[in-house]
**Student:** 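Just dropping this structure here.
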There are 2 protein chains.
Amino acid sequence: MSTIGFAPHDHKSCVAGTLHKAEAHCASQGLRLTPVRRRSLEILLAEHRALGAYDLLGILAKEGLGAQPPVAYRALDFLVGAGFAHKIEALNAYIACAHLGTCHMPAFLICRSCKSVAEADTAPAQGRLGDAAREAGFVIERTVVEAEGICPQCQDAAA
Amino acid sequence: MSTIGFAPHDHKSCVAGTLHKAEAHCASQGLRLTPVRRRSLEILLAEHRALGAYDLLGILAKEGLGAQPPVAYRALDFLVGAGFAHKIEALNAYIACAHLGTCHMPAFLICRSCKSVAEADTAPAQGRLGDAAREAGFVIERTVVEAEGICPQCQDAAA
DNA sequence: CAGGTATTGATATGTTATAACATTATAGCT
DNA sequence: AGCTATAATGTTATAACATATCAATACCTG
Ligand SMILES: [Zn+2]
Ligand SMILES: [Zn+2]
Ligand SMILES: [Zn+2]
Ligand SMILES: [Zn+2]
């Protein structure tokens with residue numbers, strides 16, 4: 001495992017590898033990674049931060065890939081549906097999946113200072129949340145697990 | 001503990017008890033449970049469901065307690081700040097706290113069929129999310145833990 | 001009762017997301 | 001290649017959620 005996103009890493013290969021996996025997944029599943037979708041994924045992958053739909057739309061618009069809200073929301077719906085991106089509910093924003101391929105119910109660590117977001121691969125539905133649900137007779141279909149706080153770098157910076 | 005919200009219970013005393021606790025807390029903390037705030041809490045307490053800010057506003061407006069968005073958002077900010085209500089991020093909606101008094105990082109079970117919401121008292125930051133955060137050197141300040149799925153009643157109804 | 005703080009009233013605007021319908025591209029089939 | 005069904009885009013409009021700002025009023029406290 002690893003909560004990529006904090007701490008520097010070879011981001012160029014991080015991006016290229018994810019794009020490559022996404023292409024392979026689309027090919028094998030008969031999904032179509034069209035220009036807008038592919039570019040949207042690249043844009044999200046550029047940083048380990050969450051982007052608002054309208055932030056994405058702004059970039060797409062500059063590049064002539066579409067200027068109306070549905071363009072961004074359709075691309076995001078596709079990426080989220082395919083598992084290539086996740087919505088961060090606490091921010092109403094979207095982020096590229098950092099563990100593509102791994103089957104996961106993601107959990108996120110969100111730094112309120114530098115806005116970076118790390119995706120942890122922790123299967124929250126199997127922890128206490130799962131216990132509580134089982135006890136209540138509730139069947140979980142999707143989980144939203146997000147923690148807001150301060151990342152290691154920002155703690156060091158403050159010290 | 002208990003994930004109140006699913007399964008019937010004496011809701012009248014559930015509401016009255018919570019209101020009473022809220023009043024006591026305000027008195028002891030020098031907070032002011034003004035008419036709009038008190039009525040907003042009553043409205044949220046009426047059901048174990050989450051209400052949108054504009055749903056609340058609609059009810060307040062009918063009762064002559066204010067017709068503009070800030071009225072509802074101010075009341076909700078107060079209730080959330082005081083710990084009397086929580087925001088459900090996955091729904092952009094608000095719900096009265098079901099465990100008033102218990103210090104808690106709440107977790108919610110949200111039925112996508114009947115829209116009822118149960119609040120579990122599970123301290124999510126102490127489970128796997130906490131482990132992942134510690135491992136990453138991340139300091140958690142707030143957690144959003146929400147599970148969407150099907151409640152016991154709706155499972156029975158479908159069977 | 002004067003002065004500071006919290007609350008409310010009111011208007012406007014900003015931000016996020018979807019509905020609806022026309023048009024164009026793609027893929028599979030004959 | 002031509003036909004058809006489906007998927008994707010273009011475009012307009014609007015719904016739903018949330019905040020900024022400033023003026024007026026209520027409330028506590030000295
Ligand atoms: Zn992921
Ligand atoms: Zn940070
Ligand atoms: Zn609560
Ligand atoms: Zn239900």
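Just so it is clear: chains get the letters A, B, ... in the order the sequence lines come, proteins before strands, and each one is counted from 1.
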**Student:** Measure the distance from CG on B:Leu56 to P on D:dA16 and round it to the nearest whole Å.
**Tutor:** 16 Å
**Student:** Between D:dA7 atom P and A:Phe78 atom CZ, what is the distance in whole Å?
**Tutor:** 13 Å
**Student:** Where the side chain of B:Arg74 is concerned, which of D:dC22, D:dA8, C:dA17 is the nearest nucleotide?
**Tutor:** D:dC22
**Student:** Specify the separation, in whole Å, of atom OH of A:Tyr73 and atom P of D:dT14.
**Tutor:** 18 Å
**Student:** Of all the choices, D:dT11, C:dT11, D:dA8, which nucleotide is nearest to the side chain of B:Pro70 once you look at every atom?
**Tutor:** C:dT11
**Student:** It should be established whether A:Lys87 places a side-chain nitrogen or oxygen under 4.0 Å from OP1 or OP2 of nucleotide C:dT16.
**Tutor:** no
**Student:** Whole angstrom is fine here: how far is it from CG in B:Asp55 over to P in D:dA15?
**Tutor:** 16 Å
**Student:** Rounded to whole Å, how long is the line connecting atom CD of B:Glu89 with atom P of D:dC17?
**Tutor:** 13 Å
**Student:** Between D:dT9, C:dA10, D:dA18, which nucleotide has the shortest distance from any of its atoms to the side chain of B:Gln68?
**Tutor:** C:dA10
**Student:** Mind checking whether B:Phe138 and A:Phe6 have parallel, tilted or perpendicular rings, split at 30° and 60°?
**Tutor:** parallel
**Student:** Side chain of A:Arg32 only, please: which of D:dA18, C:dT26, D:dT11 is the nearest?
**Tutor:** C:dT26
**Student:** If I take atom SG from residue B:Cys111 and atom CD from residue B:Gln155, how far apart are they, to the nearest 0.5 angstrom?
**Tutor:** 8.5 Å
**Student:** To the side chain of A:Val36, which of D:dA20, D:dT9, D:dT12 is closest?
**Tutor:** D:dT9
**Student:** Counting side-chain heavy atoms from CB outward, which of C:dT18, D:dA8, C:dA10 is closest to A:Thr34?
**Tutor:** D:dA8
**Student:** Nearest whole Å is fine: how far is D:dT11 C1' from A:Leu65 CG?
**Tutor:** 16 Å
**Student:** Can you identify which nucleotide, out of D:dA18, C:dT16, C:dT8, has its nearest atom closest to the A:Tyr54 side chain?
**Tutor:** C:dT16
**Student:** Hey, which of these two, B:Val71 or A:Ala53, hits DNA chain C nearer its 5' end, going by closest nucleotide?
**Tutor:** B:Val71
**Student:** Would you kindly give the CG-to-C1' distance between B:Leu76 and D:dC17, to the nearest whole Å?
**Tutor:** 12 Å
**Student:** What is the distance, to the nearest angstrom, from the CD1 atom on A:Ile88 to the C1' atom on C:dT16?
**Tutor:** 16 Å
**Student:** Does A:Arg128 pair with A:Asp131 as a salt bridge, N-O distance under 4.0 Å?
**Tutor:** no
**Student:** Working note: B:Phe78 + B:Leu31, criterion side-chain contact (heavy atoms from CB on, under 4.5 Å); need CA distance, chi angles, decisive distance, verdict.
**Tutor:** CA-CA 9 Å; B:Phe78 172 84; B:Leu31 299 174; 4.1 Å; yes
**Student:** To the nearest 0.5 Å, what is the distance between CG (A:Leu129) and CZ (B:Phe108)?
**Tutor:** 11.5 Å
**Student:** Examine D:dA18: is either OP1 or OP2 under 4.0 Å from a nitrogen or oxygen in the side chain of B:Asn92? Give yes or no.
**Tutor:** yes
